[in-house]
Amino acid sequence: VLLAGYLSYVGLGAGVLQALERPAEVQAAQHLLQQHWDLLGNHTCLQGPALQRLIEAIIQAYKSGITLQGNTTSLGKWDYSGSFFFSISAITTIGYGNLSPSTAAGRIFCILFALFGIPLNLILLNEIGQLMLLGVQHCAHCLEEVFHWQKKASFLIKTCALVTGLLLFLLLPPMLFSDKEGWTYEEGFYYSFITLSTIGFGDYVIGMNPDRTYPGWYKNVVSLWILFGMAWLALVIKFCINFLE
């Protein structure tokens, strides 16, 4: 019964996503193809195979974090700040997919780094989550002693903790992303949840716009936000699991 319910839920999600996203995908494909033929038609000196090779080279370079800016290229995705953020995304298993090691040595090191880093990350998240939970329980106990409440105190503190977490980790961060990345609030909220839930599609990633200048503290603050936000969301998901069970 549980397996049937699971498959039904996934099937429902697939159907809704197909209905919502398929028309946009077809339209984007038609637009890209039209641009391709317009470019070849307006510049007869270009040849189809040569243009295709250039497109593939640009796609490969973009995957490596390199973009064209006039007659120059933008670097900096693998500076220390970018590498630190990549390390966080690797051991938290977010894995945006927008940046990955291109050298054999880098890939081998990434495997070893993640092998020990993922358990370390899980231990740390568990400890942070337990501290958060103990803080909530301590506040509830204090309210019970002061106001002689019982169930009301626990419910009130848990509600406050939920609302505070929503503000700190899901509702307020999109404002920062809107300012630094130029995203809409909806895009920032979407990025926040996709990141903290470790889904990490990679369609939105901070600090990747070559046209913007980011302060040095930006990625470090976001890394801390990811760490504590994941611990908070893990508690919320655990509560949902207990409710469903």
Side-chain angles (χ1 to χ4, degrees), residues 6 10 59-67 74-138 161 164-166 168-170 173 176-177 180-181 188 190-209 214-242 244-245:
Y6 177 86
V10 174
I59 293 174
Q60 186 60 40
Y62 182 78
K63 288 180 178 180
S64 300
I66 302 172
T67 55
S74 67
L75 298 173
K77 302 300 184 295
W78 282 111
D79 58 8
Y80 188 80
S81 178
S83 300
F84 183 84
F85 188 74
F86 171 79
S87 300
I88 288 287
S89 68
I91 64 175
T92 54
T93 69
I94 295 173
Y96 290 112
N98 66 306
L99 195 61
S100 58
S102 58
T103 64
R107 290 168 181 164
I108 293 172
F109 174 77
C110 187
I111 292 172
L112 297 174
F113 180 74
L115 185 63
F116 294 97
I118 291 174
L120 178 63
N121 178 74
L122 291 175
I123 292 172
L124 179 61
L125 289 181
N126 182 63
E127 290 298 322
I128 293 175
Q130 291 299 322
L131 286 175
M132 290 180 175
L133 193 58
L134 286 174
V136 170
Q137 293 173 348
H138 178 71
T164 302
L166 282 172
L168 290 178
F169 302 120
L170 287 179
L176 175 64
F177 302 140
K180 300 301 179 184
E181 304 289 344
Y190 167 80
Y191 166 78
S192 299
F193 181 80
I194 293 300
T195 294
L196 297 185
S197 60
T198 72
I199 296 173
F201 288 125
D203 47 353
Y204 290 92
V205 184
I206 64 153
M208 296 298 293
N209 190 341
Y214 301 99
W217 53 264
Y218 181 52
K219 287 187 177 180
N220 296 330
V221 169
V222 173
S223 297
L224 290 176
W225 165 76
I226 289 175
L227 196 60
F228 286 92
M230 283 179 60
W232 171 80
L233 190 60
L235 290 177
V236 175
I237 292 175
K238 184 177 180 180
F239 172 79
C240 294
I241 291 173
N242 293 335
L244 288 173
E245 287 182 341

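Remember, it's a predicted structure, so these values are computed and weren't measured experimentally.
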Within the 4.5 Å heavy-atom criterion, are [X] and [Y] side-chain neighbours or not?
X	Y	answer
Y190	I194	yes
W232	M132	yes
I226	V222	yes

Of all the heavy-atom pairs spanning [X] and [Y], show the shortest one and how long it is.
X	Y	value
K180	P215	NZ-CG, 4.1 Å
M230	N121	CE-ND2, 4.5 Å
G129	A231	N-CB, 4.1 Å
W225	P173	NE1-CG, 3.3 Å
P119	A114	CD-O, 4.1 Å
E181	N209	O-ND2, 4.4 Å

Rounded at 0.5 Å granularity, tell me how far [atom1] in [X] sits from [atom2] in [Y].
X	Y	atom1	atom2	value
T92	L122	OG1	CG	10.0 Å
Y96	F85	OH	CZ	4.0 Å
F228	I128	CZ	CD1	4.5 Å
L233	C240	CG	SG	8.5 Å
N242	I237	CG	CD1	12.0 Å
L196	I94	CG	CD1	7.0 Å

request  = Could you walk me through whether L120 and I91 pass the side chain to side chain contact (heavy atoms under 4.5 Å, CB included) test, one step at a time?
outcome  = CA-CA 8 Å; L120 178 63; I91 64 175; over 6 Å; no
message = As a test of understanding, state which of Y204, Y191, Y214 forms a ring pair (Phe, Tyr, Trp, His ring centres under 6.0 Å) with F177.
response =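 Of the listed options, the one satisfying the test is Y191.
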key: Check: S89 side chain, F86 main-chain N or O, donor-acceptor pair, under 3.5 Å   = yes
